[in-house]
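Ligands are counted one by one from 1 in listed order, and the atoms in each one are counted from 1 as well. One is the number of the first residue; the rest follow in order along the sequence. If you're wondering where the values come from, they're calculated on a predicted model, not measured in any experiment.
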Amino acid sequence: METSQNNLHAAQRRLVLRIASIAAMGGLLFGYDTGVISGALLFLAPQFKLSSLGQELVVSSVLAGCILGAAASGRLADLLGRRNLTIICAAVFFIGSLFCAAAQGVHSLVMGRVIIGLAIGVASFVVPLYISEISPPARRGALVSLNQLMITVGILVSYLVDDLFVHAAQSWRYMFLLGVAPALVLGIGMVFLPSSPRWLVLQGREDEAFSILKKTLGPAQAEGELMAMRAIGQADSGGAMAELMAPWLRPALLIGLGIMFIQQATGINTVIYYAPTIFKMSGFTSNAAAISATVGVGAINVLFTVVSIKLLDRWGRKPLLSIGLAGMAASLFALGLVFALEDSLGDSLRWLAVASVGVYIASFAVSLGPIAWLLISEIYPLKIRGLAMSLATLANWFINFLVAISFLSIIDGLGKTGAFWLYAAVGLMGLIFCRLYAPETKGVPLERIEANLKAGLKARDLGAPEAKRP
Ligand code: BGC
């Protein structure tokens with residue numbers, strides 16, 4: 001009896017892991033397609049005789065696409081379903097990658113990058129949303145964060161591919177073309193995966209939802225979960241817009257927008273997009289050395305995301321956020337200090353800079369990297385989860401865009417020290433924000449979080465396991 005129970009559990013665990021791993025291919029594409037441009041640009045610039053403006057256009061067109069994609073598709077996740085939208089998204093990734101690989105001029109290249117951006121903007125919220133809704137509560141943190149792990153793997157692979165193809169003629173075409181492989185795995189894989197049971201309940205398709213829940217949770221737990229979902233699905237809270245504007249939703253909006261602001265405004269992508277530039281500023285003279293150090297950054301990012309996945313469902317989200325944000329603020333302060341003492345540090349400058357960047361990336365990877373996407377997949381009510389997540393995602397890409405275009409000008413205006421201290425100050429504010437407002441959602445069913453929200457609980461109490469008075 002015991003063994004057949006264990007076998008059942010093992011089969012459920014394997015099934016949800018398989019589902020999450022296939023969906024997380026969307027994360028791989030997100031990471032790969034945002035990372036690949038830094039290397040490709042080295043070849044595109046001379047071939048298409050790109051001016052600085054042309055280069056900026058090629059780099060930032062993907063972010064413009066992300067903003068558009070996130071803004072336009074929120075309702076689609078609620079109308080078409082999470083799985084169907086992911087399949088469409090894979091097709092768009094596929095087309096965009098082919099478009100870029102075959103580009104004959106700047107126009108078609110920029111167009112291809114916008115198409116890829118659209119897909120990234122959608123994938124960045126629909127994949128965590130789908131995984132979150134199909135995961136058992138006790139493992140939700142780790143499973144949703146597989147997506148973040150794949151983002152970091154995608155970034156690392158893109159750095160390595162840049163390195164690998166460095167001597168091939170027309171190498172940038174291969175760099176873009178490689179993106180079609182994960183797009184195929186995602187698109188074909190998703191066809192064979194079930195729909196989100198929560199979305200099915202919302203559509204009134206309870207029988208289908210129940211049969212999926214039986215496979216992912218086992219028959220005993222499935223019944224209870226279905227009842228909780230049904231109660232939420234039937235509650236009449238007006239239309240989507242009324243729910244989005246409802247006062248009880250405000251704590252969730254505050255957390256979602258706040259955590260996305262902090263994730264981006266602490267400057268993660270100044271490192272992800274400009275790491276070689278930062279390393280050269282600190283005294284690495286050769287491109288090759290700066291690129292190797294960048295590969296190191298990518299590897300630390302992957303490694304510490306794995307650490308986070310191991311800890312998220314044990315320690316919880318809040319302790320990791322506190323540790324990570326404290327580490328980020330301290331290492332950014334140290335990086336600024338290293339540049340302030342530039343003249344007296346001599347040759348040790350670059351190693352101190354590398355160490356600070358390493359601690360910074362590790363701290364981001366255990367905290368804000370996975371947890372920002374995880375929290376927004378947990379805190380919104382079912383009826384408008386797609387729409388509300390897309391709003392938070394839109395904020396993420398918009399601030400990403402602002403940080404990316406302003407980084408070099410901020411360095412010109414405030415100096416290197418001033419720039420990194422500015423990001424450090426945002427990190428400190430982020431630490432205070434998370435301690436005051438972030439909820440602990442470890443192991444709490446999504447329906448409990450929704451009930452807490454509707455009961456008028458404060459942002460930090462949304463994960464309370466039992467109903468409590470506001
Ligand atoms: C962020 C990206 C960032 C990546 C780095 C993601 O969570 O949203 O902006 O480039 O982490 O690992």
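Residue-to-ligand polar distances keep Tyr273 apart from ligand 1: every N/O pair is separated by 3.5 Å or more. When only interatomic distances are considered, the shortest N/O to N/O separation between Thr152 and ligand 1 does not fall below 3.5 Å.
Counting only non-hydrogen atoms, the option in Thr305, Val153, Leu156, Asn269 that gets closest to atom 3 (C) of ligand 1 is Asn269.
Distances below 4.0 Å separate heavy atoms of Asn301 from the following atoms of ligand 1: 5 (C), 12 (O). Contact atoms of ligand 1 toward Trp373: 6 (C), 7 (O), 8 (O) (distance under 4.0 Å to a heavy atom of the residue). Atoms of ligand 1 found under 4.0 Å from any heavy atom of Ile155, numbered from 1 in the order shown, are 5 (C), 12 (O).
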Sequence neighbours excluded and cut-off under 3.5 Å, please list the side-chain donor-acceptor pairs for residues 320-327, or say none.
residue : atom : partner : partner atom : Å
Ser322  : OG   : Lys318  : O            : 3.3
Ser322  : OG   : Arg435  : NH1          : 3.1

Side chains of residues 177-190: which donor-acceptor pairs under 3.5 Å do they make with residues two or more places apart or in other chains?
none

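A salt bridge does not link Lys416 with Asp412: none of the charged nitrogens is closer than 4.0 Å to a carboxylate oxygen.
In this structure, the protein non-hydrogen atom closest to atom 8 (O) of ligand 1 is Gln263 OE1, 3.0 Å. Scanning all protein heavy atoms for the shortest distance to atom 11 (O) of ligand 1 gives Gln148 NE2, 3.1 Å.
Using bins of under 30°, 30° to 60° and over 60° for the plane-to-plane angle, the ring pair Phe30/Trp397 lands in the tilted bin.
Remark: the backbone N or O of Asn400 is not paired with any side-chain donor or acceptor of Asn269 at under 3.5 angstrom.
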Give the intermediate values and the outcome of side-chain contact (heavy atoms from CB on, under 4.5 Å) for residues Val110 and His107.
CA-CA 5 Å; Val110 168; His107 288 126; over 6 Å; no
